[in-house]
Amino acid sequence: MRGRVVAPDGAALGDVRVVATAIAFEQGLQHVDWRECRTNGDGRFELADLVRGRAHALMLESPALGRRVYDLAASTLVAFTSRIPHGTI
C-alpha cells in the first residue's frame, strides 16, 4: 500500500507514524498482519507485503496531530490519501 498524508491545505505532513494491521482467526489460531513506517518529507509512505484479501485498520499518528484510525476494505490496499486537520485527535 502506498499513500500520502497531507494537511487540509494540501501541505505534506512528514514524520507521521503509519501502521496497518489486520487480525484473523482461522482454525482456532490468531493471525496478525502488522506493518509500520513513517511518512517522508513529502508526506508519502509505503507499507509492503500486506496480507491481501483482509480488511486492515490504518492508523496515522503524530505528537502534533494526534491519532486517526481508518477501517480499510481489502480492496483499498493499493493507495490511500488522508487530509488531517491540524490540532485534532
Side-chain angles (χ1 to χ4, degrees):
M1 167 187 253
R2 293 182 184 135
R4 187 167 188 234
V5 181
V6 297
D9 64 1
L13 297 175
D15 201 34
V16 174
R17 181 180 178 216
V18 180
V19 176
T21 186
I23 298 173
F25 295 92
E26 297 170 356
Q27 299 177 347
L29 298 175
Q30 180 178 345
H31 301 274
V32 178
D33 185 33
W34 179 282
R35 301 292 184 269
E36 184 173 339
C37 68
R38 291 201 169 267
T39 59
N40 65 16
D42 193 33
R44 297 187 187 282
F45 68 89
E46 183 171 351
L47 296 166
D49 301 324
L50 290 174
V51 174
R52 296 205 180 271
R54 290 194 183 145
H56 282 69
L58 182 70
M59 181 182 75
L60 307 176
E61 182 178 47
S62 166
L65 301 170
R67 179 181 300 148
R68 295 279 180 163
V69 179
Y70 301 89
D71 290 322
L72 302 179
S75 60
T76 310
L77 298 182
V78 177
F80 180 84
T81 299
S82 176
R83 292 187 184 274
I84 299 180
H86 288 286
T88 61
I89 296 176

(request) Please report the closest heavy-atom contact between Leu50 and Ala20, naming both atoms and the distance. (result) CD2-CB, 3.9 Å
(request) Grab the two heavy atoms, one from Cys37 and one from Glu46, that are nearest each other, plus how far apart they are. (result) SG-O, 3.7 Å
(message) Quick check against the 3.5 Å criterion: does Thr39 have a side-chain atom that pairs as donor or acceptor with the backbone of Asp15?
(response) yes
(message) According to a hydrophobic-cluster definition based on side-chain heavy atoms being under 4.5 Å apart (Ile, Leu, Val, Met, Phe, Trp, Tyr only), do Leu29 and Val32 belong together?
(response) no
(message) Do His31 and Glu26 make a side-chain contact, defined as non-hydrogen atoms from C-beta onward lying under 4.5 Å apart?
(response) yes
(message) Ignoring hydrogens, what is the shortest heavy-atom contact between His56 and Val51? Give both atom names and the distance.
(response) CE1-O, 3.2 Å
(message) Would a single hydrophobic cluster contain both Val5 and Val19, if residues Ile, Leu, Val, Met, Phe, Trp and Tyr are joined by side-chain heavy-atom contacts under 4.5 Å?
(response) no
(message) Using only atom types and a distance under 3.5 Å, with no angle test, would you say the side chain of Ser62 pairs donor to acceptor with the backbone of Val16?
(response) no
(message) How close do Ala57 and Asp71 get, counting heavy atoms only, and between which atoms?
(response) CB-OD1, 4.3 Å
(message) According to side-chain contact (heavy atoms from CB on, under 4.5 Å), who are the partners of Gln27, at least two apart in sequence or on a separate chain?
(response) none
(message) Quick one: does any side-chain atom of Thr21 pair with a main-chain N or O of Trp34 as donor and acceptor, under 3.5 Å?
(response) no
(message) Whether the side chain of Asn40 engages the backbone of Asp42 through a donor-acceptor N/O pair (distance < 3.5 Å, no angle test) should be reported.
(response) yes
(request) For residues Arg4 and Phe45, report the shortest heavy-atom separation together with the two atoms involved. (result) N-CE2, 3.6 Å
(message) Determine whether a donor-acceptor pair (N or O, by modelled atom type, separation under 3.5 Å) exists between the side chain of Arg54 and the backbone of Ala24.
(response) no
(request) Show your reasoning for whether side chain to side chain contact (heavy atoms under 4.5 Å, CB included) applies to Asp49 and Asp33. (result) CA-CA 9 Å; Asp49 301 324; Asp33 185 33; over 6 Å; no
(message) How close do Ala12 and Gly43 get, counting heavy atoms only, and between which atoms?
(response) CB-N, 3.7 Å
(message) Any non-hydrogen side-chain atom of Met59 less than 4.5 Å from a side-chain atom of Arg68?
(response) no
(message) Would you say that Arg17 contacts Leu60 through its side chain, given a criterion of any heavy-atom pair below 4.5 Å between the two side chains?
(response) no
(message) Determine whether a donor-acceptor pair (N or O, by modelled atom type, separation under 3.5 Å) exists between the side chain of Arg38 and the backbone of Val18.
(response) no
